[in-house]
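Here is the structure we will look at, set down as structure tokens.
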Amino acid sequence: MNDNTSSNQQQTTAPVPPILPAIIRLPEVLQSVGLSRPSIYRLMKLGEFPQQVKLGLSSVGWMRAEIAQWITDRMDARATPQPPLAA
């Protein structure tokens, strides 16, 4: 009898460890989104880009998941038809 044909066998799987939140620094943010530093800070001021997380007296980072979601939102907006601009 082939082991693959037995339906009575239960497969055990190792528990999946939780994904820990990750903070990334500006160089990785710049590389990920393709924007300049001034553009990122301008969009943050307008509330159109994820806010930074203070890490220390003079260091900041961004939540990797928030940056990934921002990128996904841009991709989704690309697929959504935009209304024509009024003349």
Side-chain angles (χ1 to χ4, degrees):
M1 180 176 201
N2 188 343
D3 288 345
N4 293 335
T5 60
S6 175
S7 61
N8 294 335
Q9 293 178 352
Q10 291 184 357
Q11 294 182 356
T12 58
T13 58
V16 177
I19 297 174
L20 298 175
I23 297 174
I24 58 175
R25 302 297 298 271
L26 184 59
E28 188 172 344
V29 173
L30 294 172
Q31 184 178 13
S32 297
V33 301
L35 294 172
S36 67
R37 182 182 186 277
S39 293
I40 288 173
Y41 281 96
R42 181 178 49 81
L43 289 172
M44 283 175 44
K45 187 174 183 179
L46 295 171
E48 297 177 10
F49 194 82
Q51 296 298 307
Q52 58 196 16
V53 176
K54 189 142 180 83
L55 301 174
L57 293 176
S58 61
S59 61
V60 297
W62 285 260
M63 299 302 300
R64 182 187 306 272
E66 291 177 1
I67 299 301
Q69 184 62 53
W70 185 87
I71 293 169
T72 300
D73 292 346
R74 302 290 76 71
M75 291 169 50
D76 292 346
R78 175 182 66 176
T80 305
Q82 298 297 318
L85 296 174

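None of these values were measured; they are calculated from a predicted model.
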Practice task
For E48, look at atom CD and say whether over 12 heavy atoms of other residues, nucleotides or ligands are found less than 6.0 Å away.
Solution key: yes
Exercise for the section: Spell out, as yes or no, whether a donor-acceptor pair under 3.5 Å connects the side chain of W62 to the backbone of I67. Expected result: no
Exercise for the section: Enter the distance from R74:CZ to Q69:CD here, rounded to the nearest 0.5 Å. Expected result: 9.5 Å
Handout entry: Co-membership, hydrophobic cluster, residues W70 and V53, 4.5 Å side-chain
Key = no
Exercise for the section: Indicate the atoms forming the closest heavy-atom contact of L35 with L30, along with that distance. Expected result: O-CD2, 3.3 Å
Problem - Neighbour count >12 (heavy atoms, 6.0 Å) for atom NZ, K45 - result: no
Handout entry: Non-hydrogen atoms of Q51 and M44 that approach each other most closely
Key = NE2-O, 2.9 Å
Practice task
If a pair satisfies salt bridge (Lys or Arg N to Asp or Glu O under 4.0 Å) and one of its residues is in residues 25-44, list it, with sequence neighbours excluded.
Solution key: E28-R64
Exercise for the section: May I have all residue pairs that pass salt bridge (Lys or Arg N to Asp or Glu O under 4.0 Å) and include part of residues 75-85, sequence neighbours excluded? Expected result: none
Practice task
Measure the shortest side-chain to side-chain distance between P50 and M63 over non-hydrogen atoms and say whether it is less than 4.5 angstrom.
Solution key: no
Problem - Atom pair CD1 (I23) and CD (E66), whose distance is rounded to the nearest 0.5 Å - result: 9.5 Å
Problem - Hydrophobic cluster membership, M75 vs F49, 4.5 Å side-chain cutoff - result: yes
